[in-house]
Amino acid sequence: MTVMKTSMRNFFAHKGRMALSAVAVLLSVAFVCGTLVFTDTMNTTFDKLFATTASDVTVSAKGASDTGETQAGNGKPPVMPASVLDEVRGVDGVKSAEGTVFSTSVTVVDADKDSLSPTSGAPTIVGNWNANEARTMEISSGRAPREAGQIMVDADTADKHHLGLGDEIGVITAVGTHKAKISGIAEFTVTNPGAAIFYLDTKTAQRTLVGESGVYTNINVTAASGVSDAQLKKDVAAGLGGAYQVQTAKEVADANAQDVEEFMGVMKYAMLGFAGIAFLVGIFLIINTFSMLVAQRTREIGLMRAIGSSRRQVNGSVLVEALLLGFFGSVLGVGAGVGLAIGLMKLMGMMGMHLSTDDLTVAWTTPVVGLVLGVVVTVLAAYLPARRAGKVSPMAALRDAGAPADARAGRVRALVGLVLTGAGGYGLYLAAAADKASEGSLWLGVGVVLTLIGFVVMGPLLAGGVVRVISAVLLRLFGPVGRMAERNALRNPRRTGATGAALMIGLALVACLSVVGSSMVASATDQLDKTVGTDFIIQSDRGQPITPQAVEAAKSAEGVERFTEYKVLDATLTTPDGKTSKGETINAADPSYAQDLRTETVAGDLSDAYRPDSMSVFEGFAKKHGIELGSKVGVEFRDGATAELTVRAITSDEAVIDKGAMYASIATVARYVPADKMPLDVLLFASAKDGQEAAAYKSLKAALDDYPQYTVRDQTDYKQALKDQIGQLLNMIYGLLALAVVVAILGVVNTLALSVVERTREIGLMRAIGLSRRQLRRMIRLESVVIALFGALLGLGLGMGWGATAQKLLALEGLKVLEIPWPTITAVFVASAFVGLFAALVPAFRAGRMNVLNAIATE
């Protein structure tokens, strides 16, 4: 009880000093709990949606996707004849059945040809209005479409794009472009996860999406009273003779939910990983806080030991304070986590994915995980300072506050740090020297972890040298004030090392990812320059195949010397070793593709692969199956016949573009795949006549003006698109790492604040002998800048080392260019100085306001 009373008294006596550590715990716990609540809410939202939209039993074509994606590359959803609907209606136990037609392989544009698709990545769905849709949609204005010139749109899409009744929009599919005017607007009666949905009447939907009448993509079946879904499925499947896919409502909902859960699982664990980084940084803050509190209370602890307190009691007293800190911080963090989840939902709403707070899901495990994690991490972080407190002897009551440093412990620490760093450096060397990326990645992980721990352990040793170098360059410009700031930073190397290490972790990851991202862009750009011989690439950014009409329109452009069509076909291969390889793809193109993509070969000439009944394979596949030039490979095309093709070329595995592709000519493939089963082009390449590149570029864009679903890019555009994609990913990661940096900044603030309290008498004496308030504040700000730059220098150096090693592994995959993004690295280093200035604002202000006489009189 005495220990508890002492702990409570000390905790509340120093609550101001504990505040920033509590904020660090709060932020870390909030990120964990917010992630769990957000992902659980997303899963609940989709589960409700799938459960509501699925009919008792759904019948669809064999191999059809629940999302309505196209099959065989023809841009159309798989369908079944309308006669199946009559067969289903005749099955016992069927109360009602209706046919539906829908597709997600569509582009919908307004009158100005601007896309109406969501920017969040959610699908665009066009289908027929039916009774099943009416379960989740309610017409709020106008009416449902009844004829070809009418279309209905969901209210969220209408609001976002300012659409109203009577506005004309165009539905672009593989069949062509269908224009219609908005006849109605429907609102979701369930949460809209962000999809854009458009409805046509049934006949128009059939002609627009499939190109023929009397077909359906799905049949929604409702069970008669007393008939279970499982029994109805069995009866319907028997009635159809197993020719079609039959699923219960639960099976459809589970299949959809599984896809969502896989995506949400990746997202959840990625965000929890960043929360873990924030916790790691927070550990340094907590260690620093308790170490300084113990040092400042050395005399007090010595008196406690002198009057009979045991080491165990003193140790326990500090741990109880940590327990209180962890508990209060975690409780607040759990509440903040729920708020963070709601904020993420609002953010997703701004991006087009509407999530209702009515579906907010807080599982009982979420607050438990948050509390346990926050408390355990805080207590563990406080263990070392608590042990140090327990070692304070009663004689410490007779000395000035502040325990002397343990020189032997410092030497052991330095030795351990050097060993760990050396082992980590060797791991990075093995990663860089690996022959396979899979082997190297394991050594990379080991090297990253060991070097990080080594730098953290060696922090105090490094602080002495690095701070002196930084001070010589920066602080000496500020005269005596700068020298005092340097000495303050060097006064306690262990504290400076721990504070800098907190900032080092976040910035090391930033530097590493910057190097990897820049190297990927530079390598891909280099590969484009070396291998791509075409001037223009035409494709759909939403994955739609290129229709024959669009191909003909592109070919009408002026200034173009040649076009190359490019298709992808699914096939099963039978190799010379007698093995069957399923799920392979054959990339069929015009012979000119050998000029458009200068792919390196290890045997043969790629142009020969486009000869009749010929093909190429990639190096790894050839080695695995004993294939050489002249080998015969059996190719069974899906929806086509089986061909026996001769291998005329073996491409290098070091290719980046079309890595692992197997080529044949379109003319060869056309001999074995019927014209009506031949997939559409996924890419179209165009090369301009000499000196007419600009005119051809403009002409191509004009020729495809009526096909806004396709984008014309020259090589500069393509490189920029690649850079933008990687840049968006890196920006998202930087945003998540910002939490760790914020916690690190709190660490600098806390260290300075406690340091000012620790040096109260010293500050008073300096003020008494003539140091002005302005000079005092400048000294503290400079000290903060040095600590921040120390952490930044270590972090950026370490991160660039990690990034350079990671690039060596990327080189094994063909990304051979190492590029250090010096502008980014420099900007981060300079920003670190401003972080130091910002962190020092409050401590410097408080130091400047001290009463000189009271400060001198402080014990």
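Below, each value reflects all heavy atoms present in this structure, side chains not excepted, and no hydrogens, waters or symmetry copies. Not measured: the values here are computed from a predicted model.
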Inset, instruction - Determine, stepwise, if the pair K582 / T580 fulfils side-chain contact (heavy atoms from CB on, under 4.5 Å). - result: CA-CA 6 Å; K582 297 182 179 180; T580 299; 4.3 Å; yes
Legend entry - For L569, the option from I666, D639, V669 that meets side-chain contact (heavy atoms from CB on, under 4.5 Å): V669
Inset, instruction - Take T124 and L116, measure what side-chain contact (heavy atoms from CB on, under 4.5 Å) needs, and give me the verdict at the end. - result: CA-CA 8 Å; T124 299; L116 300 178; over 6 Å; no
Legend entry - Side-chain heavy atoms of V635 within contact of M615, under 4.5 Å: yes
Inset, instruction - Provide the closest heavy-atom pair for L680 versus P545 in the form atom of the first, atom of the second, distance. - result: CB-CB, 3.6 Å
Inset, instruction - For the pair N128 and Y199, evaluate side-chain contact (heavy atoms from CB on, under 4.5 Å) and give the outcome as yes or no after the intermediate values. - result: CA-CA 5 Å; N128 67 319; Y199 297 104; over 6 Å; no
Legend entry - Interatomic distance, D114 atom CG to I169 atom CD1 [nearest 0.5 angstrom]: 13.0 Å
Inset, instruction - Evaluate salt bridge (Lys or Arg N to Asp or Glu O under 4.0 Å) for R638 paired with D570, printing each intermediate quantity in order. - result: CA-CA 6 Å; R638 190 175 73 178; D570 294 327; 3.3 Å; yes
Inset, instruction - Without swapping roles, check the side chain of D56 against the backbone of A223 for a donor-acceptor pair under 3.5 Å. - result: yes
Inset, instruction - For D110 and D112, indicate whether the former's side chain and the latter's backbone hold a donor-acceptor pair under 3.5 Å. - result: yes
Legend entry - Under 3.5 Å donor-acceptor, S140 side chain and I185 backbone: yes
Legend entry - For F536, all residues meeting ring pair (Phe, Tyr, Trp, His ring centres under 6.0 Å), sequence neighbours excluded: Y697
Legend entry - Rounded distance (nearest 0.5 Å) linking atom CD1 of I538 with atom CD1 of I546: 6.5 Å
Inset, instruction - Please determine which of V106, V108, V109 meets the side-chain contact (heavy atoms from CB on, under 4.5 Å) test together with I172. - result: V109
Legend entry - Check: S616/T651 side-chain N/O donor and acceptor closer than 3.5 Å: no
Inset, instruction - Give the intermediate values and the outcome of side-chain contact (heavy atoms from CB on, under 4.5 Å) for residues S213 and R207. - result: CA-CA 6 Å; S213 300; R207 290 194 299 269; 3.8 Å; yes
Legend entry - Pairwise side-chain contact, V88 with L240, heavy-atom cut-off 4.5 Å (strictly under): yes
Legend entry - R143 and Q150, any side-chain heavy atoms less than 4.5 Å apart: yes
Inset, instruction - Determine yes or no for a side-chain-to-main-chain donor-acceptor pair under 3.5 angstrom, with R89 supplying the side chain and A97 the backbone. - result: yes
Inset, instruction - Considering non-hydrogen atoms only, spot the tightest contact between V210 and P77 and give its length. - result: CG2-CG, 4.3 Å
Inset, instruction - Can you measure from CG (L704) to OG (S699) and round to the nearest 0.5 angstrom? - result: 9.5 Å
Legend entry - Minimum side-chain heavy-atom gap I219-M80 below 4.5 Å: yes
Inset, instruction - Please check if the side chain of D167 supplies one atom and the backbone of G164 the other of a donor-acceptor pair under 3.5 Å. - result: yes
Legend entry - Euclidean distance, L344 CG relative to T35 OG1, rounded to 0.5 Å: 7.5 Å
Legend entry - Any side-chain heavy-atom pair of V175 and T208 under 4.5 Å: no
Inset, instruction - Using modelled atom types only, decide if a donor and an acceptor are shared between the side chain of Q231 and the backbone of S228 within a distance under 3.5 Å. - result: no
Inset, instruction - Indicate yes or no: at least one non-hydrogen side-chain atom of T217 is less than 4.5 angstrom from one of T100. - result: yes
Inset, instruction - Taking N132 for its side chain and N130 for its backbone only, find out whether a donor-acceptor pair lies under 3.5 Å. - result: no
Legend entry - V560 versus A686, closest heavy-atom pair with distance: CG1-CB, 4.0 Å
Legend entry - Crowding at CG, D86 (>12 non-hydrogen neighbours, <6.0 Å): yes
Legend entry - Nearest atoms (heavy-atom pairs only) where F563 meets A554: CZ-O, 3.1 Å
Inset, instruction - Please confirm whether the backbone N or O of A131 pairs with a side-chain atom of E98, one donor and one acceptor, at under 3.5 Å? - result: yes
Inset, instruction - Ignoring hydrogens and angles, state whether a donor on the side chain of Y672 or D613 is under 3.5 Å from an acceptor on the partner side chain. - result: yes
Inset, instruction - Measure across M152 and S183 and return the closest heavy-atom pair with its distance rounded to 0.1 Å. - result: N-OG, 4.5 Å
Inset, instruction - Kindly indicate whether the side chain of W129, heavy atoms from C-beta on, has any atom under 4.5 Å from the side chain of L200. - result: no
Legend entry - Polar side-chain atom of H178 near backbone of A148 as donor-acceptor pair, under 3.5 Å: yes
Legend entry - N/O donor-acceptor pair under 3.5 Å between D201 side chain and P145 backbone: no
Legend entry - Heavy atoms from other residues, nucleotides or ligands near CD of E168 exceed 12 (cutoff 6.0 Å): yes
Legend entry - K250 atom NZ, neighbour heavy-atom count above 12 within 6.0 Å: no
Legend entry - T58 side, atom OG1; Q247 side, atom CD - distance, nearest 0.5 Å: 7.0 Å
Legend entry - Atom CZ of F188: over 12 foreign heavy atoms under 6.0 Å: yes
Legend entry - Nearest non-hydrogen partners of D681 and K567, listed with the distance: OD1-NZ, 2.9 Å
Legend entry - Neighbour count above 12 (heavy atom, 6.0 Å) for K203 NZ: no
Inset, instruction - Verify the distance criterion only: is there a donor paired with an acceptor across the side chains of D596 and T564 at less than 3.5 Å? - result: yes
Inset, instruction - Could you check whether the rings of Y610 and Y593 sit parallel, tilted or perpendicular, using 30° and 60° as the cut-offs? - result: perpendicular
Legend entry - NZ (K181) with more than 12 external heavy atoms under 6.0 Å: no
Inset, instruction - Rounded to the nearest 0.5 Å, what's the gap from OG1 on T361 to CG on L36? Could you check? - result: 12.0 Å
Inset, instruction - Find out whether K113 and D706 are in side-chain contact, i.e. whether some heavy atom of one side chain is under 4.5 Å from a heavy atom of the other. - result: yes
